[in-house]
Amino acid sequence: MRELDKAYDPHKCEDAIYKNWEDKGYFRGRSDPSKKPYSIVIPPPNITGILHMGHALNNTIQDILIRFNRMKGFEAEWMPGTDHAGIATQNVVEKKLAKDGVKRQDLGRDKFIEEVWKWRQDYGSTIIRQLKKLGCSCDWDRTRFTMDEGLSEAVLEVFVRLYKKGLIYSGNYIINWCPRCQTALSDEESQHKDVDGLLYHIKYPVKDSKEFVVVATTRPETMLGDVAIAVNPKDKRYKELKNKTLLLPILNRELKIIYDPLVDMKFGTGALKVTPAHDPVDFSLGQKYGLEQINVMNEDATINSIGGDYEGMDRLEAREAIITDLKERGLFIKSEAHRHAVGHCYRCHTMVEPRLSPQWFVKMKPLAQPAIAAVNDGRIKFYPERWTKVYLDWMNNIRDWCISRQIWWGHRIPVYYCKDCGEVMVSKVTPGKCSKCGSSNVEQDPDVLDTWFSSWLWPFSTFGWPKETPCLKYFYPTNSLVTAQEIIFFWVARMIMAGMEFMGDIPFKDVYIHGTVRDITGTKMSKSLGNVIDPLDMIKKYGTDALRFSIISITAQGQDVFLSENKFELGRNFANKLWNASRFILMNLKEEDIGVDLCVFFKESELDLSERWILSRLYSTLEDVEKCLGGYKFNEAANIIYEFIWHEFCDWYIEIAKSTISEKRSQVVLYKVLEKTLRMLHPFMPFITEEIWQKLPRSKDAIGDSIMIQPWPHVQKDIISKEAEGEMKCLIDIITAIRNIRSVWNIEPRREMSALINIHDKKDEIFLNKNAGMIKRLSRLSTLSVGKNPKPKNSAASVVGAFEIYVPLEGVIDFDKEKARLKKEEDRISLEIKSIGARLKDKHFTKKAPEDVIEKQKARKADLELQVKKLKDNLKNIG
RNA sequence: GGACACGUGGCUCAGCUGGUUAGAGCGUUGCGUUCACAUCGCAGAGGUCACAGGUUCGAAUCCUGUCGUGUCCACCA
């Protein structure tokens, strides 16, 4: 057997192991009709992305699911890939060019896009390499990119289909405009943030009068585009205004008065300035009353020529200037503090400007219906379940999706305009000439599509759709989607809609939403805040398995994770513990013995208690782990395995087995338990389990040369024995009691000690004598006497269940201290007896509680009473 | 304004559909280097489960309210 290092060194093996898996093609998923498929599509990280803790958590979970199900015998397919991330990527490349003083406009569209492709060539697969470091068993040969030929084809197909169905339309509407990115955003891409602003009260003069109306606004700069003032028809304050005209301050534009119930009388002054080109509410009022739409801003949110003197000023600069001018003219009344939610660009965090502009939209309501049904009738389930409501609330109030973006990087909108007759052509291929007038003066729409317009097709476009490929048929619908809550609306909801619309079927059965990774103060980790813990640093420091295991074990289902670096010690220490236990077993393992079938020992009833116990615990653990994984409770699964390996297998079984380690039986049990435990742990800690497994002798039924393709261990229910577990617990309690006495009385480890156990039942005598060797060894006794033992003089006592344990301590024992010790124990038990007694006396309890609960209480009470009696006896004849 | 989550030992958190003695990791106290592991072992200390009501024979667990923390959604300018 090869020697192992004293401590586990992840860096010595991880890369080689991963390379071997990849070379052997173990990650590959094939459409194999003899097996059932299990598939996951990765949430495609942006090509601009670098691995952060959120990715680490997200992808570790997916890898656990994939590895688990692969071992369970499914044909596992984890489809990887990246997202072109339109705005984000364009921003990154623009920044890079800016370093050389180049603007994208200098390069022109084609050259710029070339630059982006070049950038993607150089940096775009960083994240893929990092996912490999994480141990992800993705089917890399299938890696897709949202701008791949195939996926682009799918995007065009979808656009044309939706257009033909009347679900895509274009028009001049108010959209969220990012003045920095200079593009439209969808409602989801505009993130509301509370901002401390001001509510300005401004006088609007009544024409040919000394009167005026006071209007309250948070954005005075938009007044340059005002066309009316709206008030509530019920508002008595403004009854007089009917048939009068107002004047816009500064510009002196004439303004209509509109009476509409939409206006809230309680807000501000009850008079609303109406700016149809710069506010969604005003826009709808404008439509209703046929008002002019006056756009006063340029694309970068500076004031345009309509703004007169303010032309060229930035919107906030103009705000100040206008307020100053109003003050000068005596038209400014006051400003008051006003906290309100303002939209910000989700990419660059610039304040969004509502802007009137021609855009393309998808009509969402018809698409939402089947997607709502799919969740309502349980075809798709959310874990944790509460996200169902979040999803349904959004879907039931869905608004149309603005899909056009005024950027260059992305899928160009497949719409063509005839410059001569104005014909609009929607087509997957560039039309040579106008279908109506035959002119070849045809131009494509300059805009590109929202990035999510390709992502929402991901679960089927990656498998080849619109072509009906074998793997699309085999792997669709996928099984689980693992993602973070931030992306439910952007991505999850839209994928469900797209799946139902284009595949006629759900894209996945389960949606597992995990929490957000935060730092120890609860703040979301972000580069700009500088509070990130880099997973790659942690891998360097603690190893990949340690990272994976730690983050999984501290993340409860659906709860956010509060991370600090020292948490990774948990995983590292655990890996080291497993390593050393394995090292110990390997050092003692005789290969010729492990081939013996465990069943032989079972048949002959040759296994001793500790062996029956550890096997029982192994299979109980395995059963629990399967249950947890089935319910997406990864932390529980991890903790159950941790507990088993560390506190049962290592702390007890291996210690017990040391005395019999050269015997065949022991060899077989140690080997079997270790080997199966490694398989059970493999989805969580793929590298160390592989490394150890490789050093173990191969069992006859091993398949191939890697642990990752071994079958998941079968739960042998007949080996699970509650009896063995109970008996073992009794022995553990006895040993702990004796150790406790040792510790309390400061008995040096080397000091010879003997103990007596007083029993009252012949059965117990046989049981204890059978296990006396183990008790003696683990509690370091030279002699142990089991039988009708009266308490020796000068001894410490302890009561465990039905037994009294006496440890003679001539010259060491302090009777007062011993008395106090026993008294404390007695008090504790007496208190409990009292409480159970009261419960049992309560007629309501005995009448209504289930039989087994009452029985348990009775048994417990009897047990405790016996213990108290014994403690009392001992207290009586102390010394 | 609406929705959701959380408040458990010094710290970070588990605790499933209510049922015995509320668990873990870190930290902490005492002891320990016998040949798997000091990234370790053994034995401890430490909690009126935010608060107040309610349902129930029985509540950390279910319901209501209060306070505190956080997240998401929202066209009151």
Side-chain angles (χ1 to χ4, degrees), chain A residues 4 6-8 174 191-192 199 215-219 222 230 262-264 266-268 271-275 279-284 338 340-341 354 384 386-387 389-390 393-394 397 485-486 488-489 515-516 518 520 522 524 542 546 553-554 556-564 566-567 569-570 572-588 627-628 631 633 635-636 639 642-643 650-651 654-655 658 736 739-744 746-750 780 828-829 831-832 835-836 839 842-850 852-854 856-857 859-861 864:
Chain A
L4 272 76
K6 205 169 164 185
Y8 173 58
I174 294 267
Q191 298 180 327
H192 292 268
L199 187 64
V215 165
T217 177
T218 53
R219 293 190 299 152
T222 63
L262 194 109
V263 180
D264 183 350
K266 289 188 284 283
F267 188 90
L272 168 72
K273 67 187 223 26
V274 182
T275 324
D279 186 278
V281 177
D282 298 10
F283 176 78
S284 61
H338 180 67
H340 61 152
R386 68 186 137 95
W387 295 109
K389 188 172 149 33
V390 175
D393 284 352
W394 188 77
N397 297 298
Q485 57 191 63
E486 297 99 70
I488 293 178
F489 307 140
T516 307
R518 300 171 184 284
I520 205 73
K524 199 166 159 179
Y542 301 99
S553 77
I554 62 173
Q557 187 184 57
Q559 279 323 114
D560 287 354
V561 202
F562 295 77
L563 212 55
S564 59
N566 64 354
K567 300 232 165 136
E569 288 171 10
L570 173 104
R572 180 201 55 183
N573 295 355
F574 179 51
N576 193 243
K577 186 73 185 177
L578 174 66
W579 179 257
N580 274 290
S582 308
R583 187 160 75 100
F584 174 72
I585 293 170
L586 277 164
M587 273 168 23
N588 291 286
K627 214 194 272 166
C628 290
K633 303 197 166 172
N635 67 318
E636 284 184 41
N639 293 332
Y642 178 95
E643 175 69 22
C650 293
D651 285 355
I654 291 182
E655 288 307 318
K658 277 177 178 173
T736 304
R739 285 172 173 174
N740 179 290
I741 290 173
R742 273 201 107 96
S743 178
V744 168
N746 272 323
I747 312 299
E748 318 84 275
R750 297 189 182 271
R780 292 195 191 132
R828 189 181 64 80
I829 296 174
L831 202 74
E832 202 192 327
S835 112
I836 297 178
R839 203 169 304 152
D842 189 340
K843 271 188 214 126
H844 301 289
F845 175 71
T846 48
K847 237 189 247 167
K848 292 190 181 173
D852 61 311
V853 172
I854 297 172
K856 261 188 187 169
Q857 293 280 307
R860 172 80 184 152
K861 189 170 171 239
L864 292 172

Base-pair map of RNA chain B as dot-bracket, where | denotes pairing with a different strand and pairs are Watson-Crick or G-U under 3.5 Å: (((((((..((((.....[...)))).(((((.......))))).....(((((..]....))))))))))))....
On RNA chain B, does the nearest nucleotide to A:Asn639 precede the nearest nucleotide to A:Glu748 from the 5' side, or the other way round? Give the residue. A:Asn639
Under 4.0 Å, heavy atoms only, any strand: does A:Tyr8 hit a base, just the sugar-phosphate, or nothing? nothing
Expressed in angstrom and rounded to an integer, what is the separation of A:Phe584 atom CZ from B:rC37 atom C1'? 11 Å
Considering only the P atoms, how many Å lie between B:rG23 and B:rG47, rounded to the nearest integer? 14 Å
A:Met587 atom CE is separated from B:rC37 atom C1', nearest whole Å, by 10 Å
Which protein N or O atoms sit under 3.5 Å from an N or O of nucleotides 15-24 of chain B?
residue : atom : partner  : partner atom : Å
B:rU20  : O2'  : A:Glu832 : OE2          : 3.4
B:rU21  : OP1  : A:Glu832 : OE2          : 3.1
B:rU21  : N3   : A:Arg860 : NH2          : 3.2
B:rU21  : O4   : A:Arg860 : NH1          : 2.4
B:rU21  : O4   : A:Arg860 : NH2          : 3.2

Encode nucleotides 4-9 of chain B as B, S and - characters from 5' to 3', where the letter depends on protein heavy atoms closer than 4.0 Å: B to the base, S only to sugar-phosphate, - to neither. SSS---
Checking only heavy atoms, does the side chain of A:Lys6 share a donor-acceptor pair with the base of B:rA38 at less than 3.5 Å? no
If you restrict it to nitrogen or oxygen atoms, what contacts under 3.5 Å exist between nucleotides 74-77 of chain B and the protein, and what is each distance?
residue : atom : partner  : partner atom : Å
B:rC75  : OP1  : A:Arg399 : NH1          : 3.0
B:rC75  : OP1  : A:Arg399 : NH2          : 3.4
B:rC76  : O2   : A:Asp264 : OD2          : 2.3
B:rC76  : N3   : A:Asp264 : OD2          : 2.6
B:rA77  : OP2  : A:His338 : NE2          : 3.4
B:rA77  : N6   : A:Asp264 : O            : 2.7
B:rA77  : N6   : A:Phe267 : O            : 3.3
B:rA77  : N1   : A:Asp264 : N            : 3.3

Spacing of A:Arg572 atom CZ relative to B:rA38 atom P, expressed in whole Å: 12 Å
Residue list, side chain to side chain contact (heavy atoms under 4.5 Å, CB included) with A:Glu569, at least two apart or on another chain: A:Tyr542, A:Asn566, A:Arg572, A:Asn573
Give me the distances for all protein-to-nucleotides 62-64 of chain B N/O pairs that come in under 3.5 Å?
none

